[in-house]
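The next block holds one structure in the form of structure tokens; read it before the comments.
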Amino acid sequence: MSESDRAIGRSPAPDDTIAFLRSGYLYGTRRFRDLATDAYDARLGGIGGVVMYGRDAASVFYGGDRFSRERAIPTSVQHLLQDEGSVQTLEGPAHEHRKSMFMRMLDEPNVDRLVDEFDREWAKVRAEHAGQTVPLYDVGNLVLTRTALAWAGVPAGTVDDRELAGRLAAMVDAASAVGPVNWIARARRRRAEAWAAHLIADVRAGHIETASHTAIRTIADAGDHHDAPLPEEVAAVEVLNLLRPIVAISRFLVFAVHAMHTHPAWRARLDDDPEAAGRFANEVRRFYPFFPVISGTVRRSFEWRERRFEPGDRAILDLYATNHDRRIWEEPRRFLPERFEAWDGDPNTLVPQGGGAAATGHRCPGEAATIALTARFARLAASRPFEVPEQDLRISLRHIPALPMDRMRIAMRK
Ligand code: HEM
């Protein structure tokens, strides 16, 4: 009997919160292996639900409008990563309408502009740090903050970009922390929200002039699905929903250099073949750990694996386990970008940014931007603008979100 023919199993522990904190990204993978199943019941954070992985599980999770993101993540995390009124908290026509705004802001011409801005900002930061050894993670946060601000149409000099870079990065870094670290990050988020609300008010009042194609203009002018203007605080939340994840791509820049350093043959290939950069970026997104899981609450009843799911039930899709599922990926623990030469593009197999369709479901609208920036940076890095000095390159899978121990230090050439 294959894993996917089995009925839903049950975790041996009364509550899996401690197991999740101990095992991090490998929590689900270990349980799936021990229980020889691809779905099991468990309690996490005091709430019961089905934890599942793989193509079949992702198709159920993302298909048929079955799940909302209500109670999908703990409140402490939600307040850092999303917020009340944001696109992720909406469903049905309200969600579709707001999502179309994100899809427009992140379409191909806008992604091309984003990559051009990145090129400019990277050249500046490279010159600023010539001859120095710096952590790529921190430099990446700054470059991407400046890129995002210029791209979105925020006039230069209206915000302290270093401070904002710190605030935006802290929202992602502290997302899985509880207690003081999380509270500090939440306070920093509130300050960033206040800044974004002022920005929207200034754009609306005409105090700040921005071109009609810019993201800030788009959000400031946006209405809801009944054509009412977005309340200022909701528009502010969506500004952060655009800027914060662009800055979060910094992790993939770090992982791209980690991959190139540990698989040096790829450096030459990236230099020779522009097409290879796209496959390399996809393998970075598949192989390295970022969002471990995504959780959803059932909206309408359905049946799966001899189980009736009722409204309010919870399910957790293990993204990391799906990206390393040997039923989908041959030799999943090896870094092999060439696997994407023959990939069929099934939307429920490569799921670092969610599955299903972005326009109609909750899949991330920023995937094309993430791939384009990671691929662009991989090509830049392949031309050796820096060396990777001796350092601790280990990445602990127990720490969410993960990074190499030394934040990937690079020695910038003069
Ligand atoms: C840095 C790499 C990124 C990762 C790993 C990532 C991951 C994710 C994941 C896992 C989701 C949740 C999917 C779900 O609820 O089913 C998501 C949603 C979202 N992402 Fe990303 N993302 C990234 C980059 C971006 C970028 C660059 C943007 C925009 C500039 C973006 C904007 C969003 C938004 C607005 C949502 C909510 C979509 C909705 O609920 O319909 N993300 N992302």
Side-chain angles (χ1 to χ4, degrees), residues 57-58 61-63 65-73 77-78 81-83 85-92 94-107 110-111 113-115 117-118 137 140-141 144-145 147-149 151-152 168-169 171-172 175 215 218-219 237-256 281-282 284-286 288-297 315-320 322-323 347-348 350-374 377 400-402:
F61 191 83
Y62 280 101
D65 212 7
R66 297 185 180 99
F67 286 93
S68 76
R69 295 296 177 270
E70 191 194 331
R71 291 189 295 122
I73 41 180
V77 177
Q78 162 134 15
L81 295 183
Q82 293 283 333
D83 230 322
S86 76
V87 60
Q88 202 173 26
T89 64
L90 303 176
E91 298 303 333
H95 175 261
E96 211 164 301
H97 184 81
R98 186 80 59 81
K99 191 68 177 275
S100 69
M101 172 181 84
F102 277 92
M103 301 303 285
R104 277 198 312 280
M105 291 191 293
L106 293 157
D107 65 6
N110 281 318
V111 169
R113 286 199 311 110
L114 186 69
V115 175
E117 292 292 354
F118 178 80
Y137 179 61
N141 285 337
L144 286 162
T145 300
T147 301
L149 289 171
W151 170 82
L168 296 173
M171 289 177 202
V172 180
T218 305
I219 296 176
V237 160
E238 300 299 33
V239 168
L240 295 186
N241 266 341
L242 200 65
L243 301 183
R244 187 204 57 248
I246 293 176
V247 176
I249 296 172
S250 176
R251 281 201 147 67
F252 283 145
L253 306 189
V254 163
F255 292 144
N282 267 343
V284 166
R285 295 190 315 127
R286 183 197 73 81
Y288 285 95
F290 201 148
F291 269 65
V293 297
I294 190 86
S295 152
T297 301
I316 293 177
L317 179 71
D318 192 328
L319 303 176
Y320 184 78
T322 305
N323 286 334
N348 293 311
L350 178 67
V351 294
Q353 294 175 241
T360 49
H362 283 285
R363 188 186 188 116
C364 178
E367 237 173 326
T370 307
I371 296 169
L373 284 178
T374 308
F377 183 71
I400 299 170

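Indexing begins at 1, ligand by ligand and atom by atom, following the structure's order.
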- Task: Indicate the atoms forming the closest heavy-atom contact of Lys99 with Arg363, along with that distance.
- Result: NZ-O, 2.7 Å
Looking only at non-hydrogen atoms, which of [options] approaches [atom] most closely?
atom	options	value
atom 17 (C) of ligand 1	Cys364, Pro245, Pro289	Cys364
atom 5 (C) of ligand 1	Phe290, Tyr288, Trp151, Phe67	Phe290
atom 14 (C) of ligand 1	Glu238, Met105, His362, Glu367	His362

Suppose I only count heavy atoms of [X] and a 4.0 Å limit; which atoms of ligand 1 are within that range?
X	value
Gln88	12 (C), 14 (C), 15 (O), 40 (O)
Lys99	38 (C), 39 (C), 41 (O)
Ile249	1 (C), 27 (C)
Leu106	29 (C), 30 (C)
His95	39 (C), 40 (O), 41 (O)
Leu242	30 (C)
Tyr62	13 (C), 14 (C), 16 (O)
Pro352	5 (C), 7 (C), 10 (C)

- Item | Non-hydrogen atom of Phe61 closer than 4.0 Å to ligand 1 | no
- Query: Quick one: does Ala148 get a heavy atom under 4.0 Å from ligand 1?
  - Reply: no
- Message: Counting the benzene-type ring for Trp, do Phe290 and Phe252 have ring centres under 6.0 Å apart?
- Response: yes
- Value for CZ (Phe61) from CG (Leu319), rounded to nearest 0.5 Å, stands at 8.0 Å
Taking the side chain as everything from C-beta on, heavy atoms only, tell me whether [X] gets closer than 4.5 Å to [Y].
X	Y	answer
Arg286	Pro352	no
His362	Phe67	no
Ile294	Tyr62	yes
Leu114	Glu117	no
Val293	Tyr320	no
Thr374	Asn282	no

- Message: Below 4.0 Å, non-hydrogen atoms only: which portion of Arg69 touches ligand 1? Side chain, backbone, both or neither.
- Response: side chain
